[in-house]
Amino acid sequence: MASQHNPLARMFPGRHRQALDPEERNVLDKIESKLPIARDAADVADERSTYGQRLADKVAAVGGSWSFIIVFAIILFGWMLLNSDVLTHWGLAFDPYPFIFLNLMLSTVAAIQAPVIMMSQNRQSQKDRLAASLDYEVNLRTELEILRLHEKIDMAIAERLDRIEARLGLAAQNDGQPTP
């Protein structure tokens with residue numbers, strides 16, 4: 001297998017196959033096996049993600065949406081309205097102004113939501129790094145394939161020039177001799 005990689009591995013000057021990065025070795029393996037290298041970074045990240053990471057992404061998606069902000073604002077406004085006017089009228093307000101229980105709930109939600117959103121952001125950073133790595137592999141394969149095509153074209157041109165040169169040499173030899 002290493003001998004089959006040598007023509008491609010020499011495109012990495014001064015580096016043996018063992019000294020190549022995992023991405024570079026993966027590219028060489030895919031070229032050898034004639035398999036495509038392009039993969040969707042989101043699919044690869046989803047395959048590698050844990051349940052907790054997927055849950056953090058969903059919580060961040062909900063918590064960072066306009067619908068959450070609107071619903072949360074309606075709930076807060078309703079809570080304050082109920083406890084300041086409606087329930088106070090009958091003496092049933094369970095969290096009268098200054099809304100200490102509401103404040104406690106908001107602090108708790110913020111204390112839980114912030115780390116979950118940070119987990120999701122860290123996961124997004126990992127996805128971005130993975131996407132960059134996959135892009136590098138695709139770009140590297142493309143570059144190696146272009147270099148191989150250049151070599152093939154250069155060899156074809158050299159062979160054609162050799163044939164033309166050989167014909168010209170035969171023609172020059174035949175100029176001095178009568179043709180049969």
Side-chain angles (χ1 to χ4, degrees), residues 1-70 110 112-180:
M1 182 197 291
S3 63
Q4 293 173 345
H5 285 298
N6 285 338
L8 290 173
R10 69 180 160 74
M11 293 181 183
F12 299 100
R15 294 168 66 192
H16 293 82
R17 186 177 192 297
Q18 292 77 15
L20 298 177
D21 294 335
E23 293 93 354
E24 294 167 340
R25 276 182 271 160
N26 185 37
V27 169
L28 293 178
D29 291 339
K30 295 291 185 175
I31 289 173
E32 177 196 46
S33 59
K34 297 182 181 357
L35 293 173
I37 198 153
R39 295 176 286 168
D40 184 12
D43 291 343
V44 174
D46 288 343
E47 289 171 6
R48 297 178 182 176
S49 67
T50 64
Y51 175 75
Q53 291 171 328
R54 288 190 304 273
L55 182 63
D57 287 345
K58 289 177 185 175
V59 169
V62 170
S65 68
W66 278 108
S67 48
F68 173 79
I69 292 170
I70 291 168
I112 293 170
Q113 193 177 24
V116 170
I117 290 172
M118 289 182 69
M119 283 189 284
S120 181
Q121 288 175 337
N122 289 340
R123 185 164 139 68
Q124 186 59 46
S125 295
Q126 290 172 347
K127 282 183 182 180
D128 292 343
R129 284 191 296 277
L130 176 64
S133 175
L134 295 176
D135 286 347
Y136 171 73
E137 288 181 7
V138 170
N139 293 341
L140 181 61
R141 176 158 186 177
T142 303
E143 185 175 351
L144 291 175
E145 292 292 349
I146 289 171
L147 287 172
R148 282 182 20 169
L149 288 173
H150 276 288
E151 283 183 7
K152 286 181 179 180
I153 291 170
D154 290 346
M155 288 174 57
I157 290 172
E159 288 173 7
R160 187 169 182 158
L161 288 174
D162 288 344
R163 286 194 307 264
I164 292 171
E165 192 176 88
R167 285 184 195 153
L168 289 176
L170 286 176
Q173 287 177 0
N174 289 340
D175 282 344
Q177 302 173 359
T179 54

- Message: Looking at S133 and R129, would you say the former's side chain and the latter's main chain have a donor-acceptor pair under 3.5 Å?
- Response: no
- E24 side chain near L140 side chain, heavy-atom distance below 4.5 Å: yes
- Task: Return yes if some donor-acceptor pair links the side-chain N/O of S49 with the main-chain N/O of D46 below 3.5 Å, else return no.
- Result: yes
- Item | side chain to side chain contact (heavy atoms under 4.5 Å, CB included) assessment of Q126 paired with Q53 | CA-CA 11 Å; Q126 290 172 347; Q53 291 171 328; 4.1 Å; yes
- Message: Working note: R148 + E145, criterion salt bridge (charged side-chain N to carboxylate O under 4.0 Å, His left out); need CA distance, chi angles, decisive distance, verdict.
- Response: CA-CA 5 Å; R148 282 182 20 169; E145 292 292 349; 3.7 Å; yes
- Minimal non-hydrogen separation, P115 against A110, with atom names: CD-O, 4.4 Å
- Query: Donor-acceptor pair, N26 side chain versus P22 backbone, under 3.5 Å?
  - Reply: no
- Message: Nearest 0.5 Å, please: how far is CG in D57 from CD1 in I117?
- Response: 11.5 Å
- Message: Rounded to the nearest 0.5 Å, what separates atom CD in E23 from atom CG in L134?
- Response: 9.0 Å
- Message: Can you confirm whether D128 sits close enough to Q124 that some side-chain heavy atom of one is under 4.5 Å from a side-chain heavy atom of the other?
- Response: yes
- Query: Mind checking whether P36 and K30 have side chains closer than 4.5 Å, heavy atoms only?
  - Reply: no
- Between R160 and the options D162, I164, I157, the side chain to side chain contact (heavy atoms under 4.5 Å, CB included) test singles out I164
- Judged by atom type as modelled, is there a donor-acceptor pair below 3.5 Å linking the side chain of R39 to the main-chain atoms of V44? no
- Task: Please examine the side chains of L28 and L144, heavy atoms only from C-beta on, and report whether any two atoms are closer than 4.5 Å.
- Result: yes
- Query: For the atom pair CZ (R123) and OG1 (T50), what is the distance rounded to the nearest 0.5 Å?
  - Reply: 7.5 Å
- Message: Between S125 (side chain only) and Q121 (backbone N and O only), is there a donor and an acceptor less than 3.5 Å apart?
- Response: yes
- Check: L55 and M119 side chains under 4.5 Å, non-hydrogen atoms: no
- Item | Reported CG-to-CD distance for the pair L149 and E151, which is rounded to 0.5 angstrom | 9.5 Å
- All heavy atoms of A56 vs all of S120, minimum pair found to be O-CB, 3.7 Å
- Message: Closer than 4.0 angstrom, basic N to acidic O: yes or no for R141 and E137?
- Response: no
